[in-house]
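To keep things clear, I will list the structure first and then write my remarks on it.
Treat the numbers as computed from the prediction; the structure is a model and nothing was measured. Position 1 is the first residue of the sequence, and the numbers go up from there.
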Amino acid sequence: MPGPSDRDPDALRQFALTLVDETDPVALAHASGELTISAKHDRTLVTQADTGVEEILRARITAAFAHHGIVGEEFGTEPGDGETRWIIDPIDGTHNFVRGIPVWATLIAVERSGELVASVVSAPALHQRWHAARGHGAVTQDHAGERPIHVSRVDTLANAQLVYSTFARLERGGLGVALASLTADAWRDRGFGDFWGYCLVAQGSAEAMFEVGPTLWDLAAPALVVREAGGTFTAFDGSPSIQGPTALATNSRLHAELLRRLSAPSG
């Protein structure tokens with residue numbers, strides 16, 4: 001299949017959407033069938049859905065853009081020409097996937113010269129997608145069709161909904177006191193981890209998502225969706241890094257306060 005211009009962010013986004021059109025049914029078929037589950041060295045799980053989806057994505061990307069690099073969770077890095085690379089997580093939320101919880105997604109991002117230019121987050125079991133192209137805004141697709149999304153206008157913690165990944169990882173990262181303080185001051189908190197927390201921020205359903213432990217392929221696709229929806233996405237030190245192991249996404253209005261409180265010494 002001939003690929004689109006790799007200089008056009010929206011064309012790259014549209015191409016990424018054709019990729020998940022193909023892989024979503026594959027992932028769903030695995031989700032409803034018999035899974036072969038193994039644990040990696042870091043105790044995260046991997047299934048034949050993870051490897052099968054990534055194999056398809058790599059084959060299609062290479063066929064369309066032979067000179068592009070690819071970074072994927074399951075099969076590592078192919079450097080390409082060094083300018084443009086695809087960052088993919090075939091099944092983000094594998095632990096949900098294997099337990100029959102529908103909060104999992106395929107994540108695809110395109111980075112050119114170190115800058116994110118297109119991304120797709122596809123959650124077929126939720127019947128929803130979120131995607132963005134640099135300079136074109138962010139949108140979601142669900143049963144109601146496609147529509148633009150924007151972060152919320154909530155500007156006080158007392159009126160904010162905070163979402164985060166696992167309490168255990170935050171506590172091990174020295175953030176138990178900060179988490180207790182933030183959730184005490186916020187209007188509401190929920191443990192919605194993985195890609196979904198970031199997408200909730202992007203669509204205005206939550207004001208902040210934060211976690212300890214994510215990696216590049218966990219963060220690249222959601223980061224662009226959040227930023228193109230008007231939000232801010234950084235590490236806990238305030239840098240725009242998407243490398244992990246910390247990540248904070250907000251509606252921008254609360255970002256400075258959340259950064260200050262997440263970086264304050266414990267105790």
So, [X] side chain and [Y] main chain: donor-acceptor pair closer than 3.5 Å or not?
X: Glu74; Y: Glu54; answer: no
X: Ser239; Y: Ala235; answer: no
X: Thr246; Y: Asp237; answer: no
X: Thr62; Y: Ala59; answer: no
X: Asp92; Y: Phe195; answer: yes
X: Asp142; Y: Ala144; answer: yes
X: Asp10; Y: Ala133; answer: no
X: Thr140; Y: Arg129; answer: yes
X: Arg190; Y: Gln161; answer: no
X: Asn251; Y: Val154; answer: yes

> side chain to side chain contact (heavy atoms under 4.5 Å, CB included) between Tyr164 and Asp189: does it pass, once the steps are laid out?
Replying inline: CA-CA 8 Å; Tyr164 53 89; Asp189 68 276; 3.4 Å; yes
Same cluster for [X] and [Y] if Ile/Leu/Val/Met/Phe/Trp/Tyr side chains link at under 4.5 Å?
X: Trp130; Y: Leu219; result: yes
X: Leu182; Y: Trp187; result: no
X: Val103; Y: Ile149; result: yes
X: Leu126; Y: Val53; result: no
X: Leu262; Y: Leu179; result: yes

May I ask you to test the [X]-[Y] pair for a side-chain heavy-atom distance under 4.5 Å?
X: Ile87; Y: Glu111; answer: yes
X: Leu19; Y: Trp86; answer: yes
X: Leu12; Y: Arg112; answer: yes
X: Asp6; Y: Glu83; answer: no
X: Thr51; Y: Phe75; answer: yes
X: Arg13; Y: His131; answer: yes
X: Arg227; Y: Pro240; answer: yes

What is the distance from atom [atom1] of [X] to atom [atom2] of [Y], rounded to the nearest 0.5 Å?
X: Leu216; Y: Glu73; atom1: CG; atom2: CD; answer: 11.0 Å
X: Ser119; Y: Ile88; atom1: OG; atom2: CD1; answer: 14.0 Å
X: Thr23; Y: His30; atom1: OG1; atom2: NE2; answer: 10.5 Å
X: Tyr198; Y: Thr250; atom1: OH; atom2: OG1; answer: 12.0 Å
X: Ile70; Y: Ile61; atom1: CD1; atom2: CD1; answer: 4.5 Å
X: Gln128; Y: Gln141; atom1: CD; atom2: CD; answer: 9.5 Å

>> Which label fits Phe65 and His67: parallel for a plane angle under 30°, tilted from 30 to 60°, or perpendicular past 60°?
In response: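 Taking His67 first and then Phe65, their aromatic rings stand perpendicular (interplane angle over 60°).
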> Which class fits the ring pair Trp104 and Phe97: parallel under 30°, tilted 30 to 60°, perpendicular over 60°?
Replying inline: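 Perpendicular, since the angle between the ring planes exceeds 60°.
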How close do [X] and [Y] get, heavy atom to heavy atom, and via which atoms?
X: Leu259; Y: Phe236; result: CD2-O, 3.5 Å
X: Ala220; Y: Ala109; result: CB-CB, 3.7 Å
X: Leu107; Y: Ala221; result: CB-CB, 3.9 Å
X: Val151; Y: Val226; result: CG1-O, 4.4 Å
X: His255; Y: Phe233; result: CE1-N, 4.4 Å
X: Gly135; Y: Glu228; result: N-OE2, 3.1 Å

>> Applying side chain to side chain donor-acceptor pair (under 3.5 Å) to Glu207 and Ser152, what does each step give before you reach the verdict?
In response: CA-CA 7 Å; Glu207 281 61 61; Ser152 78; 2.7 Å; yes
>> Could you walk me through whether Arg172 and Arg169 satisfy the side chain to side chain contact (heavy atoms under 4.5 Å, CB included) test, starting with their C-alpha distance in whole Å, then the side-chain angles of each, then the deciding distance to 0.1 Å, before giving a yes or no?
In response: CA-CA 5 Å; Arg172 285 197 298 270; Arg169 276 193 175 182; 3.3 Å; yes
> Do Gln203 and Ser205 have side-chain N/O donor and acceptor atoms under 3.5 Å apart?
Replying inline: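 The answer is yes; a qualifying pair exists.
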> Just checking, is any N or O donor in the side chain of Thr232 or Ser252 under 3.5 Å from an acceptor N or O on the other one?
Replying inline: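 On atom types as modelled, these side chains qualify, holding a pair under 3.5 Å.
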> So Thr215 and Asp218, side chain to side chain donor-acceptor pair (under 3.5 Å) or not? Walk me through it.
Replying inline: CA-CA 5 Å; Thr215 59; Asp218 299 312; 2.8 Å; yes
>> Does Phe210 form a side chain to side chain contact (heavy atoms under 4.5 Å, CB included) with Leu170? I'd like the steps, not just the answer.
In response: CA-CA 9 Å; Phe210 49 92; Leu170 289 164; 4.1 Å; yes
>> Could you check whether atom CZ of Arg134 has more than 12 heavy atoms from other residues, nucleotides or ligands sitting under 6.0 Å from it?
In response: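 It does not: Arg134 CZ has 12 such atoms or fewer within range.
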> Passes side chain to side chain donor-acceptor pair (under 3.5 Å), Thr106 versus Ser122? Steps please.
Replying inline: CA-CA 5 Å; Thr106 297; Ser122 183; over 6 Å; no
>> Applying side chain to side chain contact (heavy atoms under 4.5 Å, CB included) to Thr18 and Arg60, what does each step give before you reach the verdict?
In response: CA-CA 10 Å; Thr18 70; Arg60 301 297 180 265; over 6 Å; no
